[in-house]
Q: 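My questions all concern the structure below.
Please read all numbers here as calculations on a predicted model, not as lab measurements. Residue numbers count from 1 along this sequence.
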Amino acid sequence: MYICLCKAVTDHDIEAAVAAGARSLEQVQRELGVSTGCGRCSSAAALVVAQALTNGSSHNGPNSIGLNLGQMSRAEIASLVYAA
């Protein structure tokens, strides 16, 4: 899913940046430029970074990749919809 339309950054791009060593939204911003245009996606990008960090630390293998909508609140899901 596209998270940042201004910079054409997807959730998979953000997850790859975290897998490569990024540990914060700021580091992902420097690498990908996400949330550096209009800024409307900042909460969605932060959410994807947080989930990627959590999923990466759980060592659940390849099934831990991707957004886990079941663990999100309505407000968090709304931020993803708004960003798109």
Side-chain angles (χ1 to χ4, degrees):
M1 163 192 320
Y2 279 95
I3 299 299
C4 179
L5 295 177
C6 295
K7 303 294 182 172
V9 177
T10 67
D11 57 327
H12 295 289
D13 296 330
I14 294 171
E15 291 164 351
V18 170
R23 293 293 172 249
S24 68
L25 176 59
E26 292 77 20
Q27 290 177 340
V28 173
Q29 284 175 312
R30 282 192 297 272
E31 184 174 329
L32 302 176
V34 64
S35 187
T36 61
C38 74
R40 288 178 55 186
C41 65
S42 61
S43 62
L47 179 63
V48 176
V49 168
Q51 274 206 346
L53 287 169
T54 299
N55 289 343
S57 66
S58 67
H59 302 293
N60 288 333
N63 294 331
S64 66
I65 300 299
L67 294 174
N68 188 343
L69 298 177
Q71 293 181 349
M72 292 184 188
S73 69
R74 286 183 179 195
E76 290 170 330
I77 293 171
S79 74
L80 292 173
V81 173
Y82 182 73

Q: Any idea which heavy atoms bring Glu31 and Ala17 closest together, and the distance?
A: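 Shortest heavy-atom contact: OE2-CB, 3.8 Å.
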Q: For Ser42 and Leu25, work out which heavy atoms get closest and say how close.
A: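 Looks like O-CD2, 4.1 Å.
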Q: List the atom of Asp13, the atom of Leu32, and the distance in Å for their closest heavy-atom pair.
A: O-CD1, 3.6 Å
Q: Would you indicate whether the side-chain heavy atoms of Met1 and Thr10 approach each other to under 4.5 Å?
A: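 The answer is no; the side chains never approach within 4.5 Å.
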Q: Got Thr36 and Lys7 here, is their nearest side-chain heavy-atom distance under 4.5 Å?
A: yes
Q: Of the options Thr54, Ile14, Ile3, Val34, which is the one that meets Val49 in a side chain to side chain contact (heavy atoms under 4.5 Å, CB included)?
A: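 Going through Thr54, Ile14, Ile3, Val34 one by one, the side chain to side chain contact (heavy atoms under 4.5 Å, CB included) with Val49 is satisfied by Ile14 alone.
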Q: As an exercise, state the distance from SG of Cys4 to CZ of Arg40, rounded to the nearest 0.5 Å.
A: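 Rounded to the nearest 0.5 Å, the SG-CZ separation comes to 11.0 Å.
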